[in-house]
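Whatever order the structure lists ligands and atoms in, that order sets their numbers, starting from 1. Count residues from 1 along the sequence.
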Amino acid sequence: MDYASTRNSSLKADSAHAIVKGLSDEGGLYVPKEIPKLSEKEILSLCDMSYVDRAYAVFSKYLTDFSDKELRHCVESAYNDKNFDTENIAEITKLSGGRYVLELWHGPTCAFKDMALQILPYLLTTSAKKTVDGKHISILVATSGDTGKAALEGFKDVDGTSICVFYPEDGVSPMQKRQMTTQSGNNVNVCAVKGNFDDCQNGVKAIFTDNDIAEQLAANNILLSSANSINWGRLAPQIVYYVSTYAQLVKDKEITFGEKVNIVVPTGNFGNILAAYYAMLMGIPVNRLICASNSNNVLTDFINTGVYDRNRKFYTTVSPSMDILISSNLERLLYHLTDGNDKLISDWFGKLKESGRYEVNDDVKKKLGELFFAGWCSDEQTKAQIHDTFKNEHYLLDTHTAVAVKVYEDYKAKTGDTTKTIIASTANPYKFGRAVYEAVGGKIDTDDEFELIAKLEKETGTKIPEPLAATRNKEVRFKGSVEKQDMPRAVLDFLKS
Ligand SMILES: *Cc1c(COP(=O)(O)O)cnc(C)c1O
């Protein structure tokens, strides 16, 4: 299996190179040259397998330069009941009306980022052995909350690596901050920045492109890398859970083999829903992919009109992990929809960079309309959905999953489609306890996060997940904050210590 770049279709890289490099030299994203297929027989055989074995089956189609032993090591190190609170790894909860909630938050940080970031360190260190053997890999992450913590948990104490995470001092939820500042591990650093998420991201980008820093690190045999969601090593693990869920629903006799399903995904950077698209191309029977957004509805407009325009107001919402105006992974979808036309992709994404806007051609518009449905909802509607779903089904949604449920309800009302539907649930509700508590009718009368979620527990009869509860008594290891111009110094001090 070879990988091309979305901006250079004649490029040929193996998966180890794609994973170590992250982004290809001309700025494109790595894409598989051909999407591997799962035969009917193979899909049927997955039904009786564990998550680890299903993961192995999917990965072995994409990471053909990994040996069986290497792949086994990667999937078994990541997907076990030490890292996840269920041996199923992802759980499926059935709601009324043919809806299946796919809970992707049973990992150590209670958000779906764990599904990929628990395995990425193993994929990356295995890839590095094949390509840049002997180098120490240091991961830099700018985070608005979920990614940073998931990357820290994934890379902590992994031999040959270290990780440094930057987050905006006042830009993450109290629980997210607590999760990061109490992080354990001997190779981790967490740094609050006096600035917003963009400052963090620009600071990290500047460090990556600073020749002086590069030289100092090279002299110490250190290679900088990122755990960003455009890395193929983060996307491939996400294909697994869609394939696995289909097999599980067949096994549980919820659907018959060959029956089509809809998949709804609360979307930000377009990684998660793109993985569902890959699962479909591999042979999983899908009727519609439903893309759900919050008020930052740039994707809703794009899918409905073919015009991508990021020149719009940015909203801070109760579903912050979807507060994003540039959905990087969309580039991969468009590459496939144009049958690998790297010229068109370079043209469109060049325009996006210059003017913040591009328009796709009629052929792509037509394909988008056939494959996808897109919708969005406001914070008020998100909270109302949490309220209603709890009242009617006694199931507590987080703020991101609630957006997906609401957009799905709108889809159903509009189309009358009764196809059984998988709804990706991307976070545990206790990660966003404040908004969730308010949504179910609670009164916010305390600044203390733990007091608040104790009330949420009591009033809903649900349970705070152990990893979040545990942060209460953990020592805060990372205090204080840095000015944005001091980020390079923070990295160098950490790496030289
Ligand atoms: C990252 C994240 C998303 C968005 O996923 P994308 O792959 O970026 O589209 C949605 N919900 C939660 C809770 C997340 O952490």
Looking at [X] and [Y], does any basic side-chain N land under 4.0 Å from a carboxylate oxygen?
{"X": "Arg7", "Y": "Glu331", "answer": "yes"}
{"X": "Glu370", "Y": "Lys366", "answer": "yes"}
{"X": "Glu153", "Y": "Lys156", "answer": "yes"}
{"X": "Arg472", "Y": "Glu451", "answer": "no"}

Identify, by atom number and element, the atoms of ligand 1 in contact range of [X], meaning under 4.0 Å from any of its heavy atoms.
{"X": "Pro266", "value": "4 (C), 10 (C)"}
{"X": "Ala427", "value": "13 (C)"}
{"X": "Thr267", "value": "9 (O)"}
{"X": "Asn272", "value": "7 (O)"}
{"X": "Gly271", "value": "6 (P), 7 (O), 9 (O)"}
{"X": "Lys113", "value": "1 (C), 2 (C), 3 (C), 14 (C), 15 (O)"}
{"X": "Asp146", "value": "13 (C), 14 (C), 15 (O)"}

> Is it the side chain, the backbone, both or neither of Phe270 that has a heavy atom closer than 4.0 Å to ligand 1?
Replying inline: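 The part of Phe270 near ligand 1 is the backbone, not the side chain.
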
Decide whether [X] and [Y] meet the rule of one side-chain donor and one side-chain acceptor closer than 3.5 Å.
{"X": "Asn297", "Y": "Arg312", "answer": "yes"}
{"X": "Ser162", "Y": "Asn187", "answer": "no"}
{"X": "Arg234", "Y": "Asn231", "answer": "no"}
{"X": "Glu169", "Y": "Ser481", "answer": "yes"}

> Looking only at protein heavy atoms, which one is nearest to atom 11 (N) of ligand 1, and how far off is it?
Replying inline: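 In this structure, atom 11 (N) of ligand 1 has Thr426 OG1, 2.9 Å as its nearest protein heavy atom.
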
> Among Asn269, Asp323, Asp398, which residue places a heavy atom closest to atom 6 (P) of ligand 1?
Replying inline: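 Shortest heavy-atom distance from atom 6 (P) of ligand 1: Asn269.
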
> Nearest non-hydrogen atom to atom 4 (C) of ligand 1 belongs to which of Ser293, Ala404, Gly268?
Replying inline: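 That would be Gly268.
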
> Among the heavy atoms of Ala111, does any lie under 4.0 Å from an atom of ligand 1?
Replying inline: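 The answer is no, since Ala111 has no heavy atom less than 4.0 Å from ligand 1.
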
